[in-house]
Amino acid sequence: MKVIIVKDYGELSQRASFMIADALKRKRPFVLGLATGGTPEGCYRELVRMHGAGCLDFSHVITFNLDEYVGIPPYHPNSYRYYMEEKLFRHINIDRKNIHFLNSMARDLEAECQAYEEAIKAVGGIDLQVLGIGRNGHIAFNEPGSPIDSRTRVVTLSDETRIANSRFFSSLDEVPKKALTMGIGTILEARRILLLASGPTKAEAIKAAVEGPITPNVPASFLRIHKDSTFIVDREAGCLLGSRDGNENF
Ligand code: PGA
């Protein structure tokens, strides 16, 4: 696994966007796995800027988002679908039929999850998956305890995650208790993985994921068994990591 420690959030966003832009230019079609949350916002801003400047084409890009809250419709401002529209999709030339999202309003959620797995397979798998990390070490909505071979499924959100995400809602009560999420097994099948972490609240999770035991208690630790995963963390998120001697690879 590669860990890149950068100065601050601005540099993190820039490095991540360069990495994604470079990958998008090398393969057609390109299957991009996307994350929501506060962390990737700056990266999406950079991608939109590159597109606006005429340097980045999305016409060949197929996207799959990691997760969605159960019971929040796609047009609701708290849905992840809405987030993606606002932060990225409506600003770029992506073909709308290439956007994939878990439909958390589906009557049969199990069937919806199964169909999502099949849709990923049908396009040949994910080329590059972008991830954030929760303070509890979760990836997507795979909370501590999630097995390494978990697939796309309905999950119950931990109190910690609901409290962390309540900043986007008017009260904690409004934060859904359930979500649909790609599983850890699903994520590990992506050909490349790029995890982003910023700020001191992520420092313990990053230390545990990078230097602690590989365990379901820290779902992000499973990324260490992947053959092409990169963490870009800013100094604050990386402040508890042992000395790297200036070497980004280990
Ligand atoms: P954040 O969320 O980017 O809003 O911190 C990340 C996550 O919970 O996975």
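First listed ligand is number 1; within each ligand, the first listed atom is number 1. The shown structure was predicted, so the numbers you read here are calculated from the model rather than taken from an experiment.
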Would you say the side-chain atoms of Ser171 and Asp173 include a donor-acceptor pair closer than 3.5 Å?
-> no
For Lys7, does its backbone N or O pair with a side-chain atom of Arg235 as donor and acceptor, under 3.5 Å?
-> no
Given the side-chain rings of Tyr82 and Tyr75, with only the six-membered ring counted for Trp, is the space between their centroids under 6.0 Å?
-> no
Where on Ile133 is there a heavy atom closer than 4.0 Å to ligand 1, on the side chain, on the backbone, on both, or on neither?
-> backbone
Glu112 to Phe101 - nearest heavy-atom pair and separation = OE2-O, 3.9 Å
Sub-3.5 Å N/O-N/O distance, Thr36 and ligand 1 | no
Going by distance only, is there an N or O of Gly38 that falls short of 3.5 Å from an N or O of ligand 1?
-> yes
Below 6.0 angstrom between ring centroids: does that apply to Phe64 and His100?
-> yes
Can you see which heavy atom on Val155 is nearest to which on Phe141, and at what distance?
-> CG2-O, 3.6 Å
Atom 9 (O) of ligand 1 - nearest protein heavy atom and its distance | His138 NE2, 3.2 Å
Atom 3 (O) of ligand 1 - nearest protein heavy atom and its distance | Thr39 OG1, 2.4 Å
Below 4.0 angstrom from a heavy atom of Gly37, which ligand 1 atoms are there? Numbered from 1 as shown, please.
-> 3 (O), 4 (O)
With heavy atoms under 4.0 Å as the rule, classify the contact between Glu160 and ligand 1 as side chain, backbone, both or neither.
-> neither
Numbered in order shown, the ligand 1 atoms found under 4.0 Å of a heavy atom of Lys202 are 1 (P), 5 (O), 6 (C)
